[in-house]
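Lettering follows sequence order; numbering is per chain, from 1.
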Amino acid sequence: MDREPSNAVIAEALEELGNLYELDGAIVHRVLAYRKAARAVREAPVSVAALAREGRATEVPGIGKTLQEKILALAQTGTIPAAEKLRAKFPPTLIEVTRLPGLGPKRARLLYSELGIDSLQALREAALAQRLRTVHGFSEKFEQGVLAALQEGVGERPAPRLLLPRAIDIGQALIDGLRQQAGEHTRVELAGSARRMVDSVKDIDLVASGPNPLQISSSLTKLDLIESVSSVSATGARGRIHSGLPVDLRVATPEQFGNLLQHFTGSQAHNAALREAAVRRGLHVSEHGILDDATGTVQTCASEQQVYERLDLAYIPPELREDRGELQAAAADGKGLPTLICEGDIKGDLHCHTVASDGRNTIEEMALAARARGYEYLAITDHSASHGFGNHVSAATLREQIERVADVNERVEGIRLLAGSEVNILPDGTLDYDDELLAALDWVIASVHTAFSMSEQAMTARVIAAIEHPLVDAIGHPTGRLIERRAPYSLDLEAIFAAAARTQTMIEINANPDRRDLSDVHARSAVKAGARIVINSDAHRTETLGLMRWGVATARRAWLRAADVANTQPWERFAKLRKHYRG
DNA sequence: GCCGTTTTCGGCCCGACTGTTTTCAGTCG
């Protein structure tokens, strides 16, 4: 291979190999090992292919000698021999059959060997011909379920995922509805990945307790938001809202509420690791309580704090529960756990737009809104000369804008305005204003807005050129991703972070919930590499200054403390962190 | 396939739900 396979490519290959081994009937732990390794590779901050070439891929947790060799083969030949063999055995479309509910690898393989079903199409035909029911373990009801699922398009496309803000809104509406239906003494809380503040979710998980569990569960059926409910019992209910998004409600006694909330908040990886560590100490953790082998008694916990305390762990905030080292950090008296940044730590916003480009409000309106949020400073950063879409700001206009910002800064008390710009990084790495004009600004954030499909090498050189520019204070939305819509462009982030650390250029966490760019794992790597983070709303109107919360959520998931983020500093200190600062 | 307060083999989190299951395997989260 002339080009190193990216971590994403390696992760995909391991994922596929795990799936193939699963179809082949491998023991579940081997399959899980592949999935765990795939995740570790995907999240690794360094090139795993490069590590493998040096024989060091085993440094990645979850990768041993075997996978080191397989990754090396992938890097050197572009393929893994074991995967080639298995692909010959199982048609590539067989895996899509397992995406249907109730059809896992075992049952899919059975249908393949008995009826030759090797794709969704073949499955549909067999169901229509009523041939599925001829296989032992499959019924007429199953055939109908298959046809109904196929009718809905299940399996043809990945299940839609919802961005976090919408998920939290829906979760809150469901919580309010349940409280109203089930009565005053009902406790309902958001759990699952939304509570962990992930980028996007595939369902809404809720946890409840109260005097009458069955009544709480059946309350779900009465909510306007809910389209249908498939099962109701005293332990919970499953349903979906009108858009099809699944809702999972679990109900516990108040004494077990902490156990259930901890269990249902996940992540699965966190819980598995937590439980494995507990087992080594003779404790068995589940949503019902903690069983002590020594005494044979089960301890229930009304709060999550009690769950972690019983395991001699410091309380772990939900955002950190991803099995990314939080358990080890929580074990040593919690000394390894950071005090996470909060939204209240933010002292200013360094990226917003006004009517001068594509924003909806004036400088003054943005300033007043920022002041109302309690900020000490706000940078006005409209788009630059080559932005296009009728929203570009010419050099002459920017000079006028600088005056306008100065004028509003004079008139509006209680907040400091910075005249700035979100400057385009052109494909050759140059900026679209000249240095003289840039030097007249208080703050420059440079972003890529065009020519996304460059090679990794070219894109990296392009961004590093901007980082090395003495008048660039920060890099905006560094990877260009749009969550669930657009992949990040190819970029050697290790090199980017190293350059940022070397030049004291800040790296943005863009807080727009469509972006959250840098991502949590990347932001964590950036700080580890010595780069300084700035969290910005990228607001295009006064209301969206409030998007800051999603950027802070990403920072928390990245283990960041207030000290890691430049705009938690009061103005006097922040001012000196800018490259623009001279004396 | 990984990994070590069980350390180079023998384990590997835990439970709910579903179907056709009369004792459990498969699937899911």
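For the P atoms, the distance from B:dT23 to B:dC28 is 24 Å, rounded to whole Å. Here the separation of B:dG10 from B:dG15, taken at their C1' atoms, is 24 Å to the nearest Å. Comparing B:dT6 with B:dC12, their P atoms are spaced 12 Å from each other, to the whole Å. Here the separation of B:dT21 from B:dA16, taken at their P atoms, is 23 Å to the nearest Å. Comparing the same atom, P, in B:dT5 and in B:dG1 gives a spacing of 23 Å after rounding to whole Å. Nucleotides B:dT20 and B:dC14 place their C1' atoms 25 Å apart, quoted to the nearest Å.
At a threshold of 4.0 angstrom between heavy atoms, the contacts of A:Val285 are confined to the sugar-phosphate backbone, with no base atom among them. Nucleic acid contact class of A:Arg30 (heavy atoms, under 4.0 Å, all strands): base. Among the heavy atoms of the strands lying under 4.0 Å from A:Leu100 are primed sugar atoms or P, OP1, OP2 only; no base atom is included. Using a 4.0 Å heavy-atom distance criterion, A:Tyr21 is classed as a sugar-phosphate-only contact. Heavy atoms of A:Lys141 sit under 4.0 angstrom from primed sugar atoms or phosphate atoms, though from no base atom. Among the atoms of the strands shown, none is found under 4.0 Å from any heavy atom of A:Gly192.
Contact of the A:Arg557 side chain with the A:Arg524 side chain is not registered, since no non-hydrogen atoms from C-beta on lie closer than 4.5 Å.
Residues that satisfy the salt bridge (Lys or Arg N to Asp or Glu O under 4.0 Å) test with A:Glu143, not counting sequence neighbours, are A:Arg133. Under the rule for a salt bridge (Lys or Arg N to Asp or Glu O under 4.0 Å), the partners of A:Glu22 that lie at least two apart in sequence or sit in another chain are A:Arg35. Partners of A:Gln215 by side-chain hydrogen bond (donor to acceptor under 3.5 Å, both in side chains), not counting sequence neighbours: none found. Partners of A:Lys141 according to the salt bridge (Lys or Arg N to Asp or Glu O under 4.0 Å) rule, which considers only residues two or more places apart in sequence or in another chain, do not exist here.
Residue A:His263 places no side-chain N or O under 4.0 Å from the OP1 or OP2 atom of B:dC14. Of the side-chain N and O atoms in A:Thr235, one or more sit less than 4.0 angstrom from OP1 or OP2 of B:dC17. At B:dT27, none of the side-chain N or O atoms of A:Lys106 fall inside 4.0 Å of OP1 or OP2 (strictly under the cut-off). Within the 4.0 Å cut-off from OP1 or OP2 of B:dG1, at least one side-chain nitrogen or oxygen of A:Lys70 is found. Look at A:Thr66 and you'll find a side-chain N or O under 4.0 angstrom from OP1 or OP2 of B:dC2. Regarding contacts with the backbone of B:dG15, every side-chain N or O of A:His284 stays at 4.0 angstrom or more from both OP1 and OP2. The phosphate of B:dC17 has neither OP1 nor OP2 within less than 4.0 Å of any side-chain N or O from A:Ser231.
Going from atom CG of A:Asp24 over to atom C1' of B:dG1 covers 15 Å, rounded to whole Å. Distance CG (A:Leu110) to C1' (B:dT27): 15 Å, rounded to an integer number of Å. The interatomic distance linking A:Phe138 (CZ) with B:dT18 (P) rounds to 18 Å, in whole Å.
Proximity note for A:Arg107 (side chain, C-beta onward) versus B:dG29, B:dG19, B:dG26: the nearest is B:dG26. Of the listed nucleotides (B:dA16, B:dT27, B:dC12), B:dC12 has the atom at the smallest distance from the side chain of A:Ile27. Out of B:dG26, B:dT20, B:dG1, the shortest distance to the side chain of A:Ser139 is found at B:dT20.
In this structure, CD1 on A:Ile204 lies 6.5 Å from CG on A:Leu162, to the nearest 0.5 angstrom.
For the residue pair A:Glu84 / A:Thr79, a side-chain donor-acceptor distance below 3.5 Å is found, with atom types taken as modelled. Using a 3.5 Å distance cut-off with no hydrogens or angles, the side chains of A:Thr93 and A:Glu96 do not pair a donor with an acceptor.
For the salt bridge (Lys or Arg N to Asp or Glu O under 4.0 Å) condition, the pairs that include at least one residue of residues 297-309 of chain A, sequence neighbours left out, are A:Arg195-A:Glu304, A:Glu304-A:Arg321.
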Short N/O separations, protein against nucleotides 4-7 of chain B, under 3.5 angstrom:
none

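Summarising the base pairing, B:dG29 is matched to B:dC14 through a Watson-Crick or G-U wobble pair whose two defining distances lie under 3.5 Å.
Toward the 5' end of DNA chain B, the nearer of the two residues A:Leu67 and A:Leu103, judged by each one's closest nucleotide, is A:Leu67. Residue-to-nucleotide proximity on DNA chain B shows that, of A:Tyr34 and A:Ser230, the 5′-proximal contact is made by A:Tyr34.
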